[in-house]
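Right, one structure below, let's go through it.
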Amino acid sequence: MSALGHMLETRGIATVAIASVLPQVEKTRPPRALMVPFMLGRPFGEPNDMAFQQRVLRQALGLIESDAGPVILAYFPDDNPSWSDRAGWRASAVLPAPVVPDSPASWEAALRDELAAVRPAWVRFTQRFQRTTVGLSGLEPADWPAFGAAFLAGELPVLPLHGTPALSLRFVVDDLKALYGEAAQADGDPPAARQIDRWFWGETLAGRFLRALRITALESSDNGVKTVGGRFFVPTPYLGGDGS
């Protein structure tokens with residue numbers, strides 16, 4: 001993106017990068033960059049906080065007015081107000097303590113039951129906010145458990161929309177995480193992102209399912225499956241399994 005920014009600047013188009021990783025910015029040196037102290041994937045802060053997001057956007061666009069370059073680096077001054085844990089928050093979906101299954105078939109059955117308990121909260125979220133990020137895989141949620149369990153059993157199924165086992169599995173995993181994350185925000189004021197993460201990775205069977213799927217993917221004979229499993233399924237802080 002930094003190279004693209006420089007190319008656009010040579011054509012008279014001003015650019016600003018919203019950056020989260022300082023060493024990367026220092027190495028690639030975009031024409032203008034605003035460093036933000038937010039979690040990766042949320043460059044403007046927490047969802048649904050429009051006023052705060054506008055503050056970030058205004059500061060970023062304000063860098064265009066500066067001629068102090070060739071490289072202009074600024075820092076957003078505040079942590080996101082939504083970063084603090086919401087007192088007393090509990091996920092909308094009340095789930096029993098997960099018991100780790102011992103076979104692909106039992107994983108499929110257990111995940112299907114948990115999804116059925118979580119989906120009503122997710123539906124409330126979509127009705128409340130009139131949006132969802134679920135749908136990248138092109139597979140219906142009811143079919144996710146069987147699809148993931150097939151990989152646990154050593155199979156390499158492919159979805160028509162994506163054409164390879166690796167991409168098919170990656171986007172099913174992305175959809176699963178998105179559905180749970182949205183369900184957790186269905187009611188009341190939004191929790192902090194880290195509260196959602198602790199709930200998902202520490203209290204749901206789905207979190208354990210993705211850890212099991214990652215282990216299987218890393219042992220796959222398909223290099224693409226091995227790559228996406230190692231990089232995209234489970235964040236590093238939650239590889240241990242305790243959700244802390």
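- With sequence neighbours excluded, no residue forms a ring-ring contact (aromatic ring centres under 6.0 Å, His included) with Phe233.
- By the 4.5 Å heavy-atom criterion applied to side chains, Pro157 and Phe147 are counted as neighbours.
- Formation of a donor-acceptor pair under 3.5 Å by the Arg211 side chain with backbone atoms of Tyr238 is found in this model.
- Pairing each heavy atom of Ala110 with each of Pro101, the nearest pair is CB-CG, 4.0 Å.
- In this structure a side-chain-to-backbone donor-acceptor pair under 3.5 Å is present from Gln195 to Ala192.
- Linking Ile, Leu, Val, Met, Phe, Trp and Tyr residues whenever their side-chain heavy atoms come within less than 4.5 Å places Trp199 and Leu239 in a single cluster.
- The backbone N or O of Tyr75 sits less than 3.5 Å from a side-chain atom of Gln59, completing a donor-acceptor pair.
- In this structure, Asp222 does not pair ionically with Lys226, as no charged nitrogen and carboxylate oxygen lie closer than 4.0 Å.
- For the pair Ser168 (side chain) and Val158 (backbone), a donor-acceptor distance under 3.5 Å is absent.
- Of all non-hydrogen atoms in Leu156 and Val225, the two that sit nearest each other are CD2-CG2, 4.0 Å.
- With sequence neighbours left out, the salt bridge (charged side-chain N to carboxylate O under 4.0 Å, His left out) criterion links Glu114 to no other residue.
- Taking the side chain as every heavy atom from C-beta outward, Val25 and Pro30 approach each other to under 4.5 Å.
- Salt bridge annotation for Arg90-Glu203: present, with a cationic side-chain nitrogen under 4.0 angstrom from a carboxylate oxygen.
- Atoms OG1 and CZ, on Thr164 and Arg170 in that order, are 11.0 Å from each other to the nearest 0.5 Å.
- Put simply, the side chain of His162 gets close to the backbone of Leu136: a donor and an acceptor are under 3.5 Å apart.
- Under the 3.5 Å distance criterion, the side-chain polar atoms of Arg55 are left unmatched by any main-chain donor or acceptor of Ala51.
- Phe151 and Phe232 end up in the same hydrophobic cluster when Ile, Leu, Val, Met, Phe, Trp and Tyr side chains are linked at under 4.5 Å.
- Between Leu115 and Leu179 there is a side-chain heavy-atom pair separated by less than 4.5 Å.
- Judged purely by distance below 3.5 Å, without hydrogens or angles, the side chains of Glu182 and Thr133 pair a donor atom with an acceptor atom.
- In plain terms, the two heavy atoms of Gly148 and Leu213 that are nearest each other are O-CD1, 3.6 Å.
- A distance of 9.5 Å separates CD in Gln54 from CG in Asp49, rounded to the nearest 0.5 Å.
- Hydrophobic clustering (ILVMFWY, side-chain heavy atoms < 4.5 Å, transitive): Val134 and Phe125 are in distinct clusters.
- Considering CH2 of Trp144 and CZ of Arg112, their distance stands at 14.0 Å, rounded to 0.5 Å.
- How far CG of Leu167 is from CG of Asp174: 10.5 Å, rounded to the nearest 0.5 Å.
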Under the side-chain hydrogen bond (donor to acceptor under 3.5 Å, both in side chains) criterion, do Thr15 and Glu9 qualify, and how do the steps go? CA-CA 7 Å; Thr15 64; Glu9 295 264 344; 3.1 Å; yes
Starting from the C-alpha separation in whole Å, work towards a yes-or-no answer on side chain to side chain contact (heavy atoms under 4.5 Å, CB included) for Asp113 and Leu111. CA-CA 5 Å; Asp113 289 344; Leu111 184 59; over 6 Å; no
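- Glu26 and Arg29 make their closest contact through O-CG, 3.4 Å (heavy atoms, listed as atom of the first residue, atom of the second, distance).
- The structure places OG1 of Thr10 at 7.0 Å from CE of Met7, a figure rounded to the nearest 0.5 Å.
- Looking at Asp175, its side chain does come within 3.5 Å of a backbone N or O of Ser137 through a donor-acceptor pair.
- Classified by interplanar angle (parallel below 30°, tilted 30° to 60°, perpendicular above 60°), the ring pair Phe52/Phe76 is perpendicular.
- Formation of a donor-acceptor pair under 3.5 Å by the Arg128 side chain with backbone atoms of Ala186 is found in this model.
- Using a 4.5 Å heavy-atom threshold, the side chains of Pro145 and Trp107 count as separate.
- Using modelled atom types, one side-chain atom of Thr216 and one backbone atom of Ala212 make a donor-acceptor pair closer than 3.5 Å.
- With hydrophobic clusters built from ILVMFWY side chains whose heavy atoms lie under 4.5 angstrom apart, Val100 shares a cluster with Leu210.
- Clustering of Ile, Leu, Val, Met, Phe, Trp and Tyr by side-chain heavy atoms under 4.5 Å joins Ile196 with none of the others.
- Here the closest heavy-atom approach between residue Ala206 and residue Leu176 is recorded as CB-CD2, 4.2 Å.
- When Phe209, Phe200, Trp201 are each tested for a ring pair (Phe, Tyr, Trp, His ring centres under 6.0 Å) with Tyr180, only one passes: Phe200.
- To the nearest 0.5 Å, the span separating CD on Gln185 from CZ on Arg124 amounts to 13.0 Å.
- A donor-acceptor contact shorter than 3.5 Å is absent between the side chain of Arg198 and the backbone of Ala193.
- Considering only heavy atoms from C-beta on, Phe44 comes within 4.5 Å of Leu57 through its side chain.
- Here the closest heavy-atom approach between residue Glu108 and residue Ala149 is recorded as CB-CB, 3.8 Å.
- Connection of Ile64 to Val56 is established within a shared hydrophobic cluster, with ILVMFWY side chains joined at heavy-atom distances below 4.5 Å, either directly or through further cluster members.
- Looking at heavy atoms from C-beta onward, Leu159 lies out of side-chain contact with Phe171 at the 4.5 angstrom threshold.
- Remark: Arg131 is positioned above the aromatic ring of Phe129, its terminal NZ or CZ atom under 6.0 angstrom from the ring centre and at most 45 degrees off the axis.
- With contacts defined as side-chain heavy-atom distances shorter than 4.5 Å, the pair Arg58/Leu61 does not qualify.
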